[in-house]
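First up is the structure itself, then whatever we jot down about it.
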Amino acid sequence: MTDAFDLRLAPAAVHGIVARLRELGFRSWLVGGGVRDALRGVPPADWDVATDARPDDLLRAFPKAVPTGLQHGTVTVVEDGEHYEVTTLRGESAYSDGRHPDAVRFVDDVTADLARRDFTVNAIAVDPATGAVIDPFGGGRDLAARVLRAVGEPRERFAEDGLRVLRAARFVATLEFELDPATAAAIAPTLGTFRKVSPERVRDEWLKTMKARRPSRAFEVMRATGMLAITCPELLEGVGMAQNRWHAFDVWRHGMACMDHCVGDAVLRVAALLHDVGKPRTRAFSDKTRDWTFYDHDRVGAVMAEPICERLRFSNDERRRVVDLVRHHLFHYDEWTDAAVRRWIRRVGRERIADLWALNEADLRGKGDAIDAGDMAPLLRMKEHVARVLAAGDALTVRDLAVDGADLMRELGLPPGKGIGILLGELLELVTEDPARNEPAALLALARRIAADRGMA
Ligand code: ATP
Ligand code: MG
């Protein structure tokens, strides 16, 4: 790449940082994913600046900067809510824990700094004064060929920092590049270092991977190289496992396709990835249909998803969301009654409904053959029916009942305690069947009868 970089692509804040450093007599370069993305014509998500200013100088130059990694020479300059990482040029150094260099060695040569970066396309620097591109490792050529190649000797680079192999898988998906064969071949022999990567980092990379158009590109790399056997062996149980006449794909490929088709945030796509994780353990052959069945795979899958999410340190909310979605992903709408729709909403939880629509559509699209309007029709009718039931505003939780615990205690002379909650639950069951019952006199009459039957009063 000999053309000069179009400096107008960098935001004013970046030019401001560079100018401030120049004022103080320091040199700086644009580096990292920002340069990579700008060169491939994609608006960069973030910009990094590398400089020969040392950490102390950086704090003097940017008194308000956040010292995000001062030992490694990194500060974060915040401008208009955007974060810019400014990092002192660093050279290569030894790694013995599989994640962090033993010592940080600051240097003055930008090429030495580029040499310690992970992939050639991430190891391009731009001189912000001239737009000159500094590309000692052929990153420009690899960008044009859409190849992800480690800087230097791939086995050495992956053996020093276990996160790099996971970043490789992620970039294969987010950039839609192919792995250079030597880089790909270096992953399996260096998995010992990959094992040292913290589960939080694995989770973060998974979540970043989910921003790709087709995250399956990354998960295929993880499967083929052995990374997934370390982080989520449960998913491998579906590899090569044929399904039934409704599916063109095996269980693994269906999970991949469902995730790719799933429109939504990263955690929802994790749920799509895991939605059929219970299938392999529930597969049984039916002599009646002469085909495979997967009874209960939604329940078994939810039980499996729980420890997977725990292991990857998803937050409690994220874990509950994934587990709920795996648990409830399966439904077969067939002109249900309003009461059946209300029961379904109560079971899955109102807050999960939008997720379940997205997941179900992805599940259908992930079956392998192009689906037509007929395949989608039951889902559309169900959505409409659920919307109608929600709009009616009928009771779906105990809080929606026309009486509360205090009313029951006062009117029925009942003592506080567990019995009150049980009674309210039973009233909700009755109101779910017939919303007309949701008014105080009717509910108190029903409650009196139930309490008498139970000998509560
Ligand atoms: P994105 O921000 O789109 O995820 P990025 O390439 O900018 O991608 P960052 O994590 O922001 O990734 O890192 C910025 C740069 O730092 C990278 O482009 C790369 O040059 C270098 N880098 C990041 N992580 C590593 C690593 N584990 N090993 C070597 N170099 C790394
Ligand atoms: Mg970045």
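Hydrogens, waters and symmetry mates are skipped; everything else that's a heavy atom, side chains included, is used. In each ligand, atom 1 is the first atom listed, and ligand 1 is the first ligand listed.
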For [atom], which protein heavy atom lies nearest, and how many Å away is it?
atom: atom 3 (O) of ligand 1; value: Arg36 NH2, 3.1 Å
atom: atom 20 (O) of ligand 1; value: Asn122 O, 2.9 Å
atom: atom 4 (O) of ligand 1; value: Arg170 NH1, 2.7 Å
atom: atom 21 (C) of ligand 1; value: Arg117 NH1, 3.6 Å
atom: atom 14 (C) of ligand 1; value: Asp48 OD2, 3.5 Å
atom: atom 27 (N) of ligand 1; value: Asp161 OD2, 2.8 Å
atom: atom 19 (C) of ligand 1; value: Asp118 OD1, 3.5 Å

Proximity winner for atom 23 (C) of ligand 1, if only heavy atoms of His100, Arg164, Arg167 are counted
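Selected option, by shortest heavy-atom distance: Arg167.
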Which residues pass the salt bridge (Lys or Arg N to Asp or Glu O under 4.0 Å) test with Arg27, not counting sequence neighbours?
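Here no residue qualifies.
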Could you tell me the separation between the CE atom of Met222 and the CG atom of Leu236, rounded to the nearest 0.5 Å?
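Separation between the atoms: 11.5 Å.
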Please confirm whether [X] comes within less than 3.5 Å of ligand 1 when only nitrogen or oxygen atoms on both sides are compared.
X: Arg157; answer: no
X: Asp37; answer: no
X: Gly33; answer: yes

Pick one of side chain, backbone, both or neither for how Thr174 approaches ligand 1, counting any non-hydrogen atom pair under 4.0 Å.
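For Thr174, there is no contact with ligand 1 at all, from either part.
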At less than 4.0 angstrom from any non-hydrogen atom of Arg116, what atoms of ligand 1 do you find?
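Those atoms are 29 (C), 30 (N).
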Give the numbers and elements of all ligand 1 atoms closer than 4.0 Å to a heavy atom of Asp46.
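Listed by number with element, the hits are 2 (O), 7 (O).
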Test Arg320 against every option in Asn316, Asp324, Asp317 by the side chain to side chain donor-acceptor pair (under 3.5 Å) rule and name the one that passes.
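The passing option is Asp317.
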Is there a donor in the side chain of Asp260 and an acceptor in the side chain of Ser216, or the other way round, less than 3.5 Å apart?
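There is such a pair (donor and acceptor under 3.5 Å, judged by atom type) between the side chains of Asp260 and Ser216.
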Using distance alone, with no hydrogens and no angle criterion, decide if Asp298 and His275 have a side-chain donor and acceptor under 3.5 Å apart.
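No, no side-chain donor-acceptor contact under 3.5 Å.
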Using a strict 4.0 Å threshold on nitrogen-to-oxygen distance, state whether [X] and [Y] make a salt bridge.
X: Glu237; Y: Lys279; answer: no
X: Glu23; Y: Arg20; answer: yes
X: Arg381; Y: Glu384; answer: no

Tell me every residue that passes ring pair (Phe, Tyr, Trp, His ring centres under 6.0 Å) with Trp29, counting only those two or more places apart in sequence or in another chain.
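With neighbours one apart ignored, the set is empty.
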Does Asp48 put an N, O or S atom under 2.8 Å from the Mg ion (ligand 2)?
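No - counting backbone and side chain alike, Asp48 has no N, O or S atom under 2.8 Å.
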Quick one: is the NZ or CZ of Arg164 closer than 6.0 Å to the six-membered ring centre of Tyr95, and within 45° of its axis?
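Verdict for Tyr95: a cation-pi partner in Arg164.
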Of all the heavy atoms in Phe171, does at least one lie under 4.0 Å from an atom in ligand 1?
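Judged by the 4.0 Å heavy-atom criterion, Phe171 does count as contacting ligand 1.
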